[in-house]
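Accompanying notes for the structure given below.
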Amino acid sequence: MSASSAASRDPHLTLRRVERQQRLVELLVRSRRTTAQPATELGVTTRTVERDLARLREVGVPLTSRPGPGGGVRVATRPGVHRVELTTAEIAALLASMAALGPTATDASRTATLALVTALASPEPSQPPVL
C-alpha cells in the first residue's frame with residue numbers, strides 16, 4: 001500500500017480516519033484484540049480495521065499478531081514510561097500536524113498537544129526538549 005492510496009480527497013474522511021486510527025492504537029496498547037472487537041467499538045467494518053492496521057504497520061507502528069483462540073493484534077510496547085527526545089523542529093512538525101487535524105479529538109490528543117506546547121515553550125538551551 002502506498003502513501004497515495006491512503007490519501008483522501010475528502011478532508012472530513014481523512015480527519016475521521018486519523019481520529020479512528022488514533023483510537024485504534026490506544027485500544028491496541030491496552031490489550032490484544034481481534035479485528036472484530038475494535039470494529040464494533042469504532043463503529044466500522046472489520047475490513048476498515050484491517051486497512052487501518054496495514055497503514056499503521058506501513059508507518060512503523062510495532063503491531064504483533066497472534067492467531068487462534070485468545071489471539072489478536074496488539075501494539076508491542078515496553079512497560080513503563082519512556083523518555084522521548086525531540087528537536088524543536090520535530091515538536092513544531094507534530095504541533096502543525098495536530099493543528100491541521102484538530103488536536104482535541106480525544107483526551108489523549110489534548111494532553112499530547114499540551115505536552116508538546118509546554119516542551120516547545122521551555123526547551124533546555126543545550127539539549128533537545130524531553131517529553
Side-chain angles (χ1 to χ4, degrees):
M1 179 179 306
S2 68
S4 62
S5 67
S8 172
R9 295 179 190 269
D10 183 342
H12 299 291
L13 290 177
T14 300
L15 177 58
R16 286 196 347 236
R17 183 178 63 241
V18 170
E19 289 174 354
R20 185 182 64 244
Q21 288 173 353
Q22 177 185 341
R23 288 186 179 102
L24 179 59
V25 169
E26 290 173 4
L27 290 171
L28 297 177
V29 165
R30 287 188 222 129
S31 66
R32 183 175 310 280
R33 295 168 187 254
T34 66
T35 55
Q37 292 165 323
T40 299
E41 292 177 57
L42 298 170
V44 297
T45 65
T46 56
R47 181 64 188 125
T48 296
V49 171
E50 290 165 357
R51 281 192 297 267
D52 286 345
L53 291 171
R55 287 182 181 121
L56 292 168
R57 281 186 179 101
E58 188 177 280
V59 299
V61 175
L63 298 173
T64 60
S65 299
R66 185 174 4 169
V73 180
R74 182 175 182 131
V75 174
T77 60
R78 296 177 298 176
V81 177
H82 312 286
R83 290 173 49 116
V84 176
E85 293 188 20
L86 300 171
T87 65
T88 302
E90 290 166 335
I91 291 173
L94 289 170
L95 283 170
S97 297
M98 291 178 82
L101 295 171
T104 59
T106 66
D107 288 340
S109 60
R110 280 189 284 277
T111 57
T113 300
L114 180 59
L116 289 168
V117 168
T118 301
L120 186 62
S122 58
E124 297 274 331
S126 60
Q127 298 177 348
V130 176
L131 299 177

Between Arg47 and Glu50, is the closest basic N to carboxylate O distance under 4.0 Å?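 Judged by the 4.0 Å cut-off on N to carboxylate O distance, Glu50 and Arg47 do form a salt bridge.
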List the atom of [X], the atom of [Y], and the distance in Å for their closest heavy-atom pair.
X     : Y      : result
Gly71 : Thr34  : O-CG2, 3.9 Å
Ile91 : Ala119 : CD1-CB, 3.9 Å
Ala36 : Thr46  : CA-CG2, 3.6 Å

Atom pair [atom1] ([X]) and [atom2] ([Y]), whose distance is rounded to the nearest 0.5 Å:
X     : Y     : atom1 : atom2 : value
Glu90 : Glu85 : CD    : CD    : 10.0 Å
Leu42 : Gln21 : CG    : CD    : 10.5 Å
Thr35 : Asp52 : OG1   : CG    : 11.0 Å
Leu27 : Gln22 : CG    : CD    : 10.5 Å
Leu28 : Leu56 : CG    : CG    : 8.0 Å

Shared hydrophobic cluster, [X] / [Y] (ILVMFWY, side-chain heavy atoms < 4.5 Å):
X     : Y     : value
Val25 : Val44 : yes
Leu53 : Val59 : yes
Val29 : Val73 : yes

Could you tell me if the side chain of Leu86 sits less than 4.5 Å from the side chain of Leu94, heavy atoms only?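 Yes; the side chains approach each other to less than 4.5 Å.
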Among residues at least two apart in sequence or on other chains, which ones pass salt bridge (Lys or Arg N to Asp or Glu O under 4.0 Å) with Glu41?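 Checked Glu41 against salt bridge (Lys or Arg N to Asp or Glu O under 4.0 Å); matches are Arg33.
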Quick one: list whatever passes side-chain contact (heavy atoms from CB on, under 4.5 Å) with Ala93, sequence neighbours left out.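 Ala93 satisfies side-chain contact (heavy atoms from CB on, under 4.5 Å) with no residue once adjacent residues are dropped.
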All N/O donor-acceptor pairs, side-chain side in residues 60-70, below 3.5 Å, sequence neighbours left out:
from, atom 1, to, atom 2, distance (Å)
Thr64, OG1, Arg74, O, 3.4
Ser65, OG, Arg57, NH2, 2.9

